[in-house]
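Notes for the one structure printed next.
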Amino acid sequence: MTEEKETVVPETTEDQGPTHSGFVALIGPTNAGKSTLLNRFVGAKVSIVSHKVQTTRAVVRGIATHNNAQIVFMDTPGIFKPRRRLDRAMVTSAWGGAKDADLIMLLIDSERGIRGDAEAILEGLKEVNQPKILVLNKIDRVRREDLLALAAAANEKIAFTETFMVSAENGSGCDDVLDYLAKTLPEGPWYYPEDQISDLPMRQLAAEITREKLFLRLHQELPYASHVETEKWEERKDGSVRIEQVIYVERDSQKKITLGKGGETIKAISSASRRELSEILEQPVHLFLFVKVRENWGDDPERFREMGLDFPT
Ligand SMILES: Nc1nc2c(ncn2[C@@H]2O[C@H](COP(=O)(O)OP(=O)(O)OP(=O)(O)O)[C@@H](O)[C@H]2O)c(=O)[nH]1
Ligand SMILES: [Mg+2]
């Protein structure tokens, strides 16, 4: 959503004194609700969400203003035990996000607690020096007593400066987090123009939106075997835009499933994506999706660059 325009970066706000600003990394196990929370804080969809694990693949920045502060949230890929090369790049990118931040926000799914991946992340966080806050998410799913026990157990492992309990889905508790961040982040000028909400170029966000529809629609290994790139973007005189995207899959059989019988699956993915894109862009969208088999895209450095990931050797 980067647009060419004059940058106006305020250093004080009229009624609330000096501005504050900083980077906050959202770290946590996959599926904890990091992207949902980021979108909630920003007030718009900048990072895609699905019920499946490993939805986010690279760091996405979402920018929120609250009181006199500009808070740059870094949504990171969920941290899990990596198997493939792409997994490794995702997990490295998540920890990289943590190193770049002024403050770390560990997000835990309160229903799942701190077993498995969450436990390993708590261990890993011991090596990270920045202040850390704990956010227990999905409180709409658990009993209050269980929440308190979970908060105590996590704080026993790491000294969090603060613990919050939220529901990213219904917004409960989220303003308290913003209030806290706005006053805790260092004083300083804002990093981005006031109306910018993400640093993701529109072409890339558009590819992500299509990938989200793919995640929602396809099953088993297919979402993980696929990757979307925007190839063409053509603004037309009538105010509409023509977007061409390629969905890469690894095998011919996956291409067949992605297309579906008589092309019905790809049609459904395309129309869901087109609908959302025209809402975001506020203009009619003509979306053309092509499915290509590229056996080793998961080992192709160029694809990693497109995703904003370092290629692990
Ligand atoms: N009930 C409930 N569900 C939630 C809440 N927050 C997120 N979810 C759901 O949890 C699932 C995962 O959400 P995401 O935001 O994609 O999670 P993530 O941590 O970004 O996941 P990865 O990108 O895969 O690491 C989605 O189905 C969300 O709708 C919440 O507060 N309550
Ligand atoms: Mg995510």
Side-chain angles (χ1 to χ4, degrees), residues 24-62 73-84 86-98 104-114 116-118 120-121 124 134-144 146-147 150-151 164-178 198 200 204-205 207-209 211-228 276 307-309:
V24 176
L26 272 151
I27 300 282
T30 180
N31 215 40
K34 299 178 294 299
S35 302
T36 311
L37 188 62
L38 176 94
N39 294 336
R40 163 75 55 190
F41 285 148
V42 173
K45 178 144 151 194
V46 295
S47 194
I48 63 169
V49 167
S50 89
H51 56 290
K52 295 198 169 68
V53 297
Q54 297 157 35
T55 304
T56 306
R57 285 185 178 163
V59 174
V60 176
R61 287 179 185 179
F73 291 99
M74 296 190 283
D75 185 20
T76 66
I79 295 171
F80 58 100
K81 224 190 212 150
R83 284 175 297 144
R84 305 164 304 166
L86 177 60
D87 300 346
R88 269 192 285 144
M90 284 160 59
V91 171
T92 306
S93 143
W95 285 115
I104 313 280
M105 180 184 293
L106 174 65
L107 195 66
I108 299 282
D109 175 343
S110 3
E111 203 175 28
R112 301 198 61 200
I114 49 171
D117 288 336
I121 298 168
L134 174 67
V135 176
L136 302 179
N137 187 33
K138 308 197 188 181
I139 59 167
D140 52 290
R141 290 269 189 83
V142 292
R143 295 179 315 170
R144 177 131 194 107
D146 296 339
L147 273 178
L150 180 57
F164 296 92
M165 298 172 188
V166 307
S167 168
E169 191 131 291
N170 67 27
S172 124
C174 293
D175 271 346
D176 295 340
V177 183
L178 287 176
S198 167
L200 209 59
Q204 214 170 323
L205 179 68
E208 285 287 276
I209 299 285
R211 194 165 66 78
E212 179 188 77
K213 306 311 169 209
L214 239 131
F215 259 65
L216 295 173
R217 184 98 196 174
L218 299 173
H219 304 293
Q220 288 161 8
E221 91 279 21
L222 246 159
Y224 307 100
S226 54
H227 162 61
V228 183
E276 188 165 336
M307 284 184 253
L309 291 171

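Both counts, for ligands and for their atoms, begin at 1 and track the order of listing.
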Report the nearest protein non-hydrogen atom to [atom]: residue, atom name, distance rounded to 0.1 Å.
atom	answer
atom 24 (O) of ligand 1	Thr55 N, 2.7 Å
atom 17 (O) of ligand 1	Gly33 N, 3.1 Å
atom 21 (O) of ligand 1	Asn31 N, 3.0 Å
atom 6 (N) of ligand 1	Asn137 ND2, 3.2 Å
atom 14 (P) of ligand 1	Thr36 OG1, 3.6 Å
atom 19 (O) of ligand 1	Lys34 NZ, 2.7 Å

Give the numbers and elements of all ligand 1 atoms closer than 4.0 Å to a heavy atom of [X].
X	value
Gln54	24 (O)
Asp140	1 (N), 2 (C), 30 (C), 31 (O), 32 (N)
Val53	24 (O)
Ser50	11 (C), 12 (C), 13 (O), 16 (O), 26 (C), 27 (O)
Arg141	1 (N)
His51	27 (O)
Thr30	22 (P), 24 (O), 25 (O)
Gly78	25 (O)

Ser35: which of Asp75, Val60, Thr76 passes side chain to side chain contact (heavy atoms under 4.5 Å, CB included):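 For Ser35, the side chain to side chain contact (heavy atoms under 4.5 Å, CB included) test succeeds with only one of Asp75, Val60, Thr76, which is Asp75.
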
Does any N or O atom in [X] lie less than 3.5 angstrom from one in ligand 1, N or O only?
X	result
Ile48	no
Thr76	no
Ala32	yes
Lys138	yes
Pro77	no

Given side chains that start at C-beta, do those of [X] and [Y] come closer than 4.5 Å, heavy atoms only?
X	Y	value
Gln54	Leu86	no
Ser47	Thr56	yes
Val49	Glu212	yes
Ser198	Leu205	no

Distance from [X] atom [atom1] to [Y] atom [atom2], nearest 0.5 Å?
X	Y	atom1	atom2	result
Ser167	Arg40	OG	CZ	7.5 Å
Lys52	Thr30	NZ	OG1	12.0 Å
Arg57	Leu309	CZ	CG	9.0 Å
Ile79	Leu106	CD1	CG	8.5 Å
Lys213	Ser50	NZ	OG	10.5 Å
Leu147	Leu136	CG	CG	6.0 Å

Per atom 30 (C) of ligand 1, closest listed option by heavy atom (Glu111, Glu169, Met90, Arg57):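 Considering heavy atoms of Glu111, Glu169, Met90, Arg57, the nearest to atom 30 (C) of ligand 1 sits in Glu169.
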
Glu111 bridged to Arg141 by N-O distance under 4.0 Å: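 Looking at Glu111 and Arg141, the cut-off is met.
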
Parallel, tilted or perpendicular: rings of Phe73 and Phe41 (30°, 60°):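 Answer is parallel, since the angle falls under 30°.
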
More than 12 heavy atoms from other groups under 6.0 Å of CD on Gln220: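 Open: at most 12 neighbouring heavy atoms sit under 6.0 Å from CD of Gln220.
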
N, O or S from Thr56 under 2.8 Å to the Mg ion (ligand 2):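 For Thr56, the answer is yes, given that an N, O or S atom comes within less than 2.8 Å of the Mg ion (ligand 2).
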
Heteroatom test (N, O or S) for Ser35 near the Mg ion (ligand 2), limit 2.8 Å: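 An N, O or S atom of Ser35 is closer than 2.8 Å to the Mg ion (ligand 2), so yes.
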
Heavy atom of Gly28, distance to ligand 1 below 4.0 Å: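 For ligand 1, residue contact (heavy atoms, under 4.0 Å) with Gly28 is absent.
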
